[in-house]
Amino acid sequence: MITGIKGMNDILPAEIEAWHFIEACVREVFHPFGFKEIRVPVVEKTELFCRSIGEDTDIVEKEMYTFADKSGNSLTLRPEGTASVMRSHIEHKLHILNPVDRLYYVGPMFRYERPQKGRYRQFHQIGAEIIGEPSPLADVQLLNMLWRFFARIGINDAVLQINSLGCPGCRPRYRQALVDFIAERLDRLCGDCRRRYQHNPLRVLDCKVEQCRDAVQAAPSVLDFLCPDCGTHFNTVRRLLSNLAIPFEVNNRMVRGLDYYCRTTFEMIASRLGAQNAVAAGGRYDGLIESLGGPTLPGIGFAIGMERLTLMMDTTRIPASRPLLFLAALGEKAVEKAFLLLADFQKQGIGAEMDFSGKSLKSQLRRADKLQTPLVLILGEDELAANQIQVRDMETATQEKVGLESLRTFLASRWPHHFPQA
RNA sequence: GUGGGUGUAGCUCAGCUGGCAGAGCGCUGGAUUGUGGCUCCAGGUGUCGAGGGUUCGAUCCCCUUCACUCACCCCA
């Protein structure tokens, strides 16, 4: 048996309704905010991700699906969406068309990691970016849209956490203060944290080991080191979130994984999602576009993990699509006549199904019951001879004979929405 | 890359440190010549994840390997 690739899952028909629902909510919620969808390729030149995400992040160091194509170019399956969107925005000079551009995307991302609950090698993200707007109102608008999206999906037990990482002007001072603080306590930290101290000292702050948490409990807060501009920016974000009645927590220990973040960062944290509890995350990336060779434009965005979203959702509430009609036919002639009727319904966009293989009426009704079809049209030799059809209401278990010519009128009186007057 | 758990029917899982491979659900047919759900009856499917070892005999014990899964690292 040829199986799928580890960590890359099939989304089967039984699950697809939830995905369709999510995608419909994305469009419904994002469009009023002025966001336009953008579709970019799933592969890019490897260099794009190295330069945007950061050479010494885990994603670039060990998690990318990188390969050489037939002409020897190094290509990579995208591990995230922002880099590609920025590349496209720069390449097509979209800032000339829209000085402030609001873009969103939905699609698969790829990271070579060990799969676990809520983490897969191919996973799907919904992302949104506001490009060209430095105002903290952009931050708040984006967070508001994210919040509205979760409300629309029906998730109300996720917590919004925000933080500010400062800017290239003030972050180095904080980093130094933190390094100095940790250096004095290095002997009390776990092995992982000693490595983090060298590599990314901010990460020591969110270590899960109790001993480490105790050791850094009194660590300096990034918020105390913000420069006046960054401080004002963050205060405005907090004030406007409150004015919009969006609940949030300030988490001054929140660390983001990608190098390009500055100022506002945020996460939506889910309970009961297992260890991978960030269902959405993002932040501001004011220097990114310029560093990729584009114009000097600020940006801010988020990404939502769709698999994590489905794990949190009560998917049983999403109604399954079902055919409106089932045609049950008995006898060869009736089957062929029913088949023509079936084709006619389908041509009109009416969901209709039937059995082709001459099964018993009992079996056909069982099938219709399984499909939860509200009406079954029964066509046997008798009905055919009388030019009639039995219309069976599956809920009330009642049925009546209807002339074939008046069938459409009969159905239209029951479902005017599906059978508009011709 | 590291650690734990689990691999038995399409699905969910029983199987007493060793003796013919099991149940429920689902599927198909019947009880009702052409009438669903509830009930009853009948039916089928397994390299017991794979390979090796111990044994008269292994789903069970041992070794190896693979897969899945959860967790670490990291992240959506």
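Each chain gets a letter, A, B and so on, in the order its sequence line appears, and its residues count up from 1.
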When we call it a touch if two heavy atoms are under 4.0 Å apart, what does A:Ala397 touch: a base, just sugar-phosphate, or nothing? base

Under 3.5 Å for both pairing distances: what stems, at least three Watson-Crick or G-U pairs long, include RNA chain B? B:1-7 with B:66-72, B:10-13 with B:22-25, B:27-31 with B:39-43, B:49-53 with B:61-65

Over how many whole Å does the gap from A:Lys401 atom NZ to B:rG34 atom C1' extend? 12 Å

Could you run through nucleotides 24-29 of chain B and give me one letter per nucleotide, 5' to 3': B if any protein heavy atom sits under 4.0 Å from the base, S if only the sugar-phosphate is that close, - if neither? --SS-S

Acceptor/donor pairs from residues 369-377 of chain A side chains to any protein atom, 3.5 angstrom cut, sequence neighbours excluded:
from	atom 1	to	atom 2	distance (Å)
A:Thr373	OG1	A:Ala368	O	3.4

Reading nucleotides 41-50 of chain B from the 5' end, what letters show protein touch, with B for base, S for backbone sugar-phosphate only, - for no heavy atom under 4.0 Å? ----------

For A:Glu63, all residues meeting side chain to side chain donor-acceptor pair (under 3.5 Å), sequence neighbours excluded: none

Tell me, for nucleotides 66-76 of chain B in 5' to 3' order, what letter each nucleotide earns: B for a base near a protein heavy atom under 4.0 Å, S for only sugar-phosphate near one, - for neither? --S-SBBBBBB

Give the table of side-chain donor-acceptor pairs shorter than 3.5 Å for residues 254-264 of chain A, with sequence neighbours excluded, one pair per line with atom names and distance.
from	atom 1	to	atom 2	distance (Å)
A:Arg256	NE	A:Glu267	OE2	3.4
A:Tyr260	OH	A:Glu80	OE1	2.7
A:Arg263	NH1	A:His233	ND1	3.4
A:Thr264	OG1	A:Asp139	OD2	2.7

Restricting to pairs with a member in residues 10-25 of chain A, which pass side chain to side chain donor-acceptor pair (under 3.5 Å), not counting sequence neighbours? A:Glu17-A:Ser321

Going by the side chain to side chain donor-acceptor pair (under 3.5 Å) test, which pairs reach into residues 24-33 of chain A, not counting sequence neighbours? A:Arg27-A:Glu37, A:Glu28-A:Arg152, A:His31-A:Tyr104

How would you list, by chain and number, every residue that makes a side chain to side chain donor-acceptor pair (under 3.5 Å) with A:Thr265, sequence neighbours excluded? none

By side-chain contact (heavy atoms from CB on, under 4.5 Å) - contacts of A:Leu137 (at least two apart): A:Ser135, A:Leu240

How close or far is atom C1' of B:rG34 from atom CD of A:Gln364, stated in whole angstroms? 10 Å

Under 3.5 Å, N/O pairs linking protein and nucleotides 5-8 of chain B:
none

